[in-house]
Amino acid sequence: MQKQYFSDLPKHVKSFSPISEPDRELIDLAFNKKKADERKSWLGDFVPGTYLDQSASNISISDFINKELILFSVADNTRSIPSIMDGLKPGQRKVLFSCFKRNLKSEIKVAQLVGYVSEQSAYHHGEQSLCATIVNMAQDFVGSNNINLLLPIGSFGSRLQGGKDAASSRYIYTNLNPLTRLIFSEHDDPILNYLDEDNVRIEPEYYVPIIPMVLVNGADGIGTGWSTSIPNFNPLDVLKNIRKLMQNEKMDEMAPYYKNFRGEILRQSEGKFVVNGIVEQLDEYNSEILELPVGTWTQTYKEYLENLLQNGVIRDYKEYHTEKKVNFLVTSFKKFPLKISTTLTTSNMVCFDSEGKIKKYETPLEIIKEFYYTRLRFYTTRKEYRLKAIKEELNKLENKARFIREVINGRLVINNRPTDSIVRDLESMKFDRFDNFEYLLGMKISSLTKEKVEKLNKECEEKRTEYETLSRKSAYDLWSEDLDKFEAAYIKVFEEDRAEYDAEVSKKSKKPLKKKFSTQELAKYGVIAESSSIKKLDKKETTSVQKKVKSKTKANDKPDKKSVKVTKKKAKSNEQPVKKIKTEASAKSFGAAVESDSSEFSNPGINTGILIIKYLVINFQNIMCCFGVSEVQNTRLIFEILASWCVFLKFCTQVP
DNA sequence: GTTTCCGCTAC
DNA sequence: AGACGTAGCGGAAAC
């Protein structure tokens with residue numbers, strides 16, 4: 001399809017109408033970094049089903065922005081922001097759907113799962129993204145998931161580097177977490193609203209887990225106009241509040257919670273929490289760091305300590321941590337307050353609600369409430385669906401039982417009679433037809449034995465009981481059963497996991513003897529003679545020391561293993577900016593990108609195209625700089641560059 | 001007070 | 001194959 005599209009490129013190359021004054025404001029609305037809130041309302045007014053007329057050869061800027069660019073922005077949000085019902089983004093949902101569809105029971109290589117997912121769930125994007133999504137869903141180190149829906153079998157990354165240390169998808173395996181099906185119940189599978197892609201049933205609009213998973217594992221996402229940031233909460237807290245709602249009681253306030261985190265999370269103010277690590281002061285000079293705040297990775301903290309060391313703020317530090325355990329020993333010249341706390345906020349919790357509308361939630365309790373009512377309705381639907389299904393099964397069984405009775409007592413004769421005649425008898429005896437009576441006539445002859453007859457009667461009885469039992473249960477009863485079952489399993493897994501962590505943490509590491517400095521040593525380091533000058537390195541000095549360190553590192557050109565993280569520094573405004581276009585990298589990535597694209601747009605290449613346009617607009621000044629133009633006055637030029645993108649595509653398709 | 005960085009799905 | 005660079009938003013850290 002794409003080949004065909006590009007072979008007829010002249011037909012698809014459009015030119016922009018001359019730019020008008022209102023257009024300038026629209027361009028600003030679309031691209032200005034400071035106008036996220038304006039973009040929120042711009043997107044809010046979007047009418048689904050709006051498309052750019054593809055037959056027109058001339059496109060006005062306003063049509064382009066309001067009918068084409070907005071489609072990209074909407075898609076950007078849907079893929080980046082989760083649903084309040086299952087806490088999943090479409091990519092993650094496709095992964096889960098595919099695992100369920102495959103009835104994943106034994107471990108599978110991540111790279112292989114990626115292939116399966118893109119095939120089964122119409123995933124139209126790059127494999128790298130999907131790999132990262134799967135790895136993310138399976139991570140279980142402190143600060144990642146509270147309940148990882150997939151299992152990490154192999155190196156899925158650790159808190160050393162915040163998961164960036166994961167191995168390649170070729171080397172690692174995954175499987176469904178046994179808890180996953182307890183949360184995403186099989187009984188709900190038939191009542192979900194499945195989406196359709198080219199007449200193939202793919203993942204549902206959203207799953208309906210038994211607790212709001214968006215709070216359990218949190219979420220982070222960046223879209224257009226909107227972004228979201230939801231911290232993790234304790235599944236047991238969430239569960240308890242769901243029960244409270246069922247009892248019509250007031251819910252308890254909740255603070256964020258991270259599995260196996262040993263520090264503390266305290267409410268500082270409305271929607272703001274302080275996250276503290278653990279430092280133990282061993283003696284005047286030595287302190288031991290036993291835990292870092294959530295999201296502060298061990299490697300990052302090491303670099304922070306290294307900086308302090310280089311700047312002469314601390315004397316030494318030693319590391320005894322493992323993948324799971326944080327453990328630094330810091331030796332300072334004096335009591336030095338180590339930075340060991342961060343904050344978490346609940347001020348930007350954005351989700352799509354059950355109606356598919358993007359919405360900001362102020363508190364976790366508001367999220368639970370909204371989840372609750374929709375989920376409750378799904379339990380009612382589940383009950384109705386299940387009753388109907390049991391009734392059908394029972395009906396079939398009863399037909400079979402009656403059929404056998406009639407054969408045995410001779411009122412229905414089968415032996416040596418033509419089928420048509422038997423079928424007429426069956427009709428007059430009012431048997432249900434289902435599959436043209438094959439379910440009756442196709443029964444084994446052994447069904448007529450005493451044992452089988454008794455067994456069939458028993459099955460009928462069981463079905464009747466099942467029907468009766470279920471019809472007496474309320475939606476609340478069904479939900480409670482699910483919650484109880486999950487809670488028991490979760491606590492068991494949780495305790496095992498915690499025991500493993502405790503064992504790891506309490507394992508004695510070979511610590512050096514606590515070191516006390518002799519007077520001579522202190523004098524040697526200048527602590528005694530000039531203690532005041534050391535303990536208060538003022539800002540100026542710190543900076544100069546830092547500079548020194550940096551230049552030294554550069555001069556050596558041989559950074560040792562404990563090298564200081566050299567922060568990227570853009571040229572300052574007073575210096576002549578060194579503007580550079582990474583032409584090769586960009587062209588390469590763009591060239592590759594036009595090959596694939598998602599089908600949610602009217603034309604192939606739109607997703608990529610919009611990204612390129614954004615890139616061009618944002619970096620416009622840079623590009624012109626290469627041609628010796630220092631500043632561009634005419635915004636229209638931007639869109640002429642866009643036109644050259646089309647020429648570029650044409651060029652690509654002409655390469656033999 | 002301003003700039004940079006982080007997190008994440010996509011290219 | 002791996003390393004790198006881009007968009008987009010909000011908030012914290014760094015300058």
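These numbers were taken from a predicted model, which means no experiment stands behind them. Convention: sequence-line order gives letters A, B, ...; per-chain numbering from 1.
- Ring orientation note: the planes of A:Tyr304 and A:Tyr301 are tilted relative to one another, at an angle of 30° to 60°.
- In this structure, the nucleotide among C:dG10, B:dG7, B:dT9 sitting nearest to the side chain of A:Lys164 is B:dG7.
- Nucleic acid contact class of A:Gly225 (heavy atoms, under 4.0 Å, all strands): sugar-phosphate only.
- Across the interface with DNA chain C, nearest-nucleotide mapping of A:Tyr171 and A:Ser80 shows A:Tyr171 to be the residue nearer the 5′ end.
- Applying the 4.0 Å criterion to OP1 and OP2 of C:dG11, one finds that A:Ser229 has every side-chain N and O outside that range.
- Note: CD (A:Gln139) to P (B:dG7) measures 11 Å, nearest angstrom.
- In this structure, the ring of A:Tyr123 has its center no less than 6.0 angstrom from the ring center of A:Phe97.
- Using a 4.0 Å heavy-atom distance criterion, A:Thr228 is classed as making no nucleic acid contact.
- Close to B:dT9, at under 4.0 Å from its OP1 or OP2, lies a side-chain N or O of A:Asn136.
- At the phosphate of B:dT9, neither OP1 nor OP2 sits under 4.0 Å from any side-chain N or O atom of A:His125.
- Taking only side-chain atoms of A:Phe31, from C-beta outward, the nucleotide of C:dG11, C:dG8, C:dC9 with the closest atom is C:dG8.
- Side-chain atoms of A:Asn145 and A:Gln139 form no donor-acceptor pair, as typed in the model, at a separation below 3.5 Å.
- For B:dA10, the OP1/OP2 oxygens have a side-chain nitrogen or oxygen of A:Tyr123 closer than 4.0 Å.
- Regarding contacts with the backbone of C:dA1, every side-chain N or O of A:Gln128 stays at 4.0 angstrom or more from both OP1 and OP2.
- Side-chain N/O atoms of A:Thr345 include none lying less than 4.0 angstrom from OP1 or OP2 on C:dG11.
- Taking only side-chain nitrogens and oxygens, A:Trp297 comes nearer than 4.0 Å to OP1 or OP2 of B:dG7.
- No more than 12 heavy atoms of other residues, nucleotides or ligands sit less than 6.0 Å from atom CD of A:Glu25.
- Between the CG atom of A:Leu29 and the C1' atom of C:dG8 there is a distance of 14 Å, rounded to whole Å.
- Contacts of A:Glu127 with the nucleic acid, taken as non-hydrogen atoms under 4.0 Å apart, are absent.
- OP1 or OP2 of B:dT9 lies within a sub-4.0 Å distance of a side-chain N or O belonging to A:Lys89.
- Aromatic ring orientation, A:Trp297 versus A:Phe141: perpendicular (interplanar angle above 60°, classes split at 30° and 60°).
- A:Asp220 places its CG atom 9 Å from the P atom of B:dG7, with the value rounded to the nearest Å.
- Atom pair A:Gln92:CD and B:dC8:P shows a separation of 10 Å (rounding to whole Å applied).
- When the side-chain nitrogen and oxygen atoms of A:Arg39 are compared with OP1 and OP2 of C:dC9, one or more of them lie within a distance under 4.0 Å.
- Checking A:Lys34 against A:Ser168, the closest nucleotide of DNA chain C that is more toward the 5' end is the one next to A:Ser168.
- Looking at heavy-atom distances under 4.0 Å, A:Lys272 makes contact with sugar-phosphate atoms alone, never a base.
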